[in-house]
Amino acid sequence: MKYLKDLTVKAVEHPHKKYVLLKLTDHEPLPEMAPGQFVEVKVEGSERTFLRRPISINYVDRENNELWLLIQTVGDGTRKLATLKEGDKLNLLFPLGNGFSDVGKEGEEVLLIGGGVGVAPLLEYGKWLKERGAKPTFLLGARSKADLLELELFRQFGEVFITTEDGSEGEKGFVTQHSVLSNRSFDRISVCGPKPMMVAVAKYAKKNNVKCEVSLENMMACGLGACLCCVEKTVKGNVCVCKEGPVFDVNLLSWDI
Amino acid sequence: MADIRTNIAGLAMKNPVMTASGTFGYGMEFADVVNLEEIGGIIVKGTTLHPREGNDYPRMAETASGMLNCVGLQNKGVDYFCQNIYPEIKDLKTNVIVNVSGSSPEDYAECARRIDELENILAIELNISCPNVKQGGMAFGVTCEGARTVVEAVRKAYHKTLIVKLSPNVTSIADIAKAVEDAGADAVSLINTLMGMAIDIERRRPKLSISTGGLSGPAVKPVAVRCVWQVAKAVKIPVVGLGGIMNAEDAIEFLMAGASAIEIGTANFIDPSVSEKVAQGVNDWLDKHGCKSVKEIIGVI
């Protein structure tokens, strides 16, 4: 079931100059949402923002009835979202898309790889995996130490490995160069981040014969599978990332890996 | 409560609000957030005789008060529609209209003939105005002769209400409308998107995969209102107006310009429940202005 609702901004945090964390709530319990799903946010008061903005679900705090959106401020629309204040309303169409296909089973070793704002959906996914007895391990990449977000929260759910491009935290380099990939083996991998990073991880997974899911962020309009703008080439032809994804098994994609 | 019923060449509608092709899927996609039966009609995604993969990504670019798209009529073909989608939507208590496209008059006619056999589809909208396909599409809709050829071919194959969707990318849209009327169309709908382009200056390349696309949204509304007004003066058949309608006030502008019904397109992406709200809003506006029927304002300009 999808909903079109005005949620209330309960808290606004600025963990970084280029990110805002919105904690939203409602007067009734928030609907069912699966890890990897996303919301379409209506941006008010930004002349240059016409369409809704798709934002992944960062975390659902059931105890406090909160939905968290971790947003990178990249354009006028997201910068406007960063100016929201406690008590403001935000119109959401949600939850959308298919999340991660497998929410975990007892003892399963799952590697979650995130880069940049792509770490956002992995927090909620890590929570689900841990709740179901699986063992999530996080491998998070960023430009430098200051760009790493929500580390303490990730550590609640599993071991966290880090790479930074400048070596200011964790191992220096890209996620695909991290030693954990050669030292440890995992039952499967899920990845969300810039496309070159996801392609590199997909290549690693293919070479090592590990199941790999990627979360795509193609530009979209409707979020409901109606406008056919956000398509990705797959073995089934062009499919909508908003409806059939955003999470796909890499073997279904026509990527050159 | 004003009487907001309208009709398009005998096709009865509970209100003048329809959803435009390509912006509302097959209706089902929106069922969680809008009451489909409160809409006057749903015009489903452009359907062709054979399946089409459409154009490559990227297919969309946001622009000032609107968007460009170059989807390119991606659809699974008319047989898939008849077998798999029609059974899902045929019992909806609203008009389900199929948008038909093609690359030759024969393709258009054959596609229309197959839809003619579907009992609960009482009308088609013939798309001779898609700017995003290489063959057919808009090529037929930009000359009187091309438009006439396609409409005549389809008229022979299709026996229910035939609405022809016109392109604004022409010198005189009224002349095309007259040609289509002569060829046997029961109604015209307008406007399809305006051909446009946007460039990513950092990458020095077009934002869309095929360079150009169709502009829609409030940016095109004044052009659309002008086209509807000109066409409504030029033809005797009913006119369906669309182009950038975001709310009930916009819809009333089109009705006053001469449209018997309207379609909502791009606005569905901003507010997926907008069609139901506009239907209610037209009623409220009429009540507030002491109009007993929507017919009192159609074509008053």
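Residue numbers start from 1 in every chain, and the chains themselves are labelled A, B, ... in the order their sequence lines are given, proteins ahead of strands.
Put simply, the side chain of B:E62 never gets that close to the backbone of A:T49: no donor and acceptor are under 3.5 Å apart. At least one donor-acceptor pair closer than 3.5 Å links the side chain of B:Q74 to the backbone N or O of A:N238. No donor-acceptor pair under 3.5 Å is formed between the side chain of B:R59 and the backbone N or O of A:V231. Between the B:Y57 side chain and the A:M219 main chain, a donor and an acceptor come within less than 3.5 Å of each other.
Within 6.0 Å of CD on A:E28 lie more than 12 heavy atoms contributed by other residues, nucleotides or ligands. Other residues, nucleotides and ligands contribute only 12 or fewer heavy atoms inside 6.0 Å of the CG atom of A:D256. Other residues, nucleotides and ligands place more than 12 heavy atoms under 6.0 Å from the CZ atom of A:R62. Dense packing is recorded around CD of A:E244, with more than 12 heavy atoms of other residues, nucleotides or ligands lying under 6.0 Å away. Counted within 6.0 Å of NZ on A:K10, heavy atoms from surrounding residues, nucleotides or ligands total more than 12; the atom is thus considered enclosed. For A:K5, the NZ atom sits in a packed shell: over 12 heavy atoms of surrounding residues, nucleotides or ligands are nearer than 6.0 Å.
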Item to complete: Check the pair B:F30, A:L224 against side chain to side chain contact (heavy atoms under 4.5 Å, CB included), reporting the backbone distance first and the verdict last.
Response: CA-CA 7 Å; B:F30 288 69; A:L224 295 166; 3.6 Å; yes
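For B:T266, the part lying near chain A is the side chain, with the backbone staying farther off; criterion is any non-hydrogen pair under 4.5 Å. Using a 4.5 Å cut-off between heavy atoms, A:N91 makes no contact with chain B at all. For A:K2, the parts sitting under 4.5 Å from any heavy atom of chain B are the backbone and the side chain alike. Proximity to chain A is limited to the backbone of B:S65, based on heavy atoms less than 4.5 angstrom apart. Contacts of A:K233 with chain B are made by side-chain atoms alone, with heavy-atom separations under 4.5 Å and no backbone atom involved. Of the atoms belonging to B:D56, it is side-chain heavy atoms, and not backbone ones, that fall under 4.5 Å from chain A. Only the side chain of B:M246 comes within less than 4.5 Å of a heavy atom of chain A; its backbone N, CA, C and O stay farther away.
Scanning all heavy atoms of the two residues, the minimum distance from A:F50 to B:T63 falls at CB-O, 4.3 Å. A pairwise comparison of heavy atoms in A:A221 and B:M60 identifies N-CE, 3.9 Å as the closest pair. In terms of heavy-atom proximity, A:A226 sits nearest to B:G25 at CB-N, 3.4 Å.
Contact count against chain A (heavy-atom pairs under 4.5 Å) is highest for B:I270 among B:V33, B:N69, B:I270. Contacts with chain A were tallied for B:S273, B:P218, B:G217, B:G66; B:G66 has the most, counting heavy-atom pairs under 4.5 Å. Between chain A and the options B:G54, B:A64, B:P272, the largest number of non-hydrogen pairs under 4.5 Å is found for B:P272. For chain A, the option among B:V71, B:D32, B:T23, B:V34 with the highest count of heavy-atom pairs below 4.5 Å is B:D32. Per-residue heavy-atom pair counts under 4.5 Å with chain A were compared for B:K45, B:E29, B:E53, and the maximum is reached by B:E53.
For the atom pair B:D271 CG and A:L4 CG, the distance stands at 5.5 Å (nearest 0.5 Å). Between B:N55 atom CG and A:L228 atom CG the span is 11.5 Å, to the nearest 0.5 Å. Here the straight-line distance linking atom CG of B:N268 with atom SG of A:C222 works out to 9.5 Å at 0.5 Å rounding. For the atom pair B:M67 CE and A:C227 SG, the distance stands at 5.5 Å (nearest 0.5 Å).
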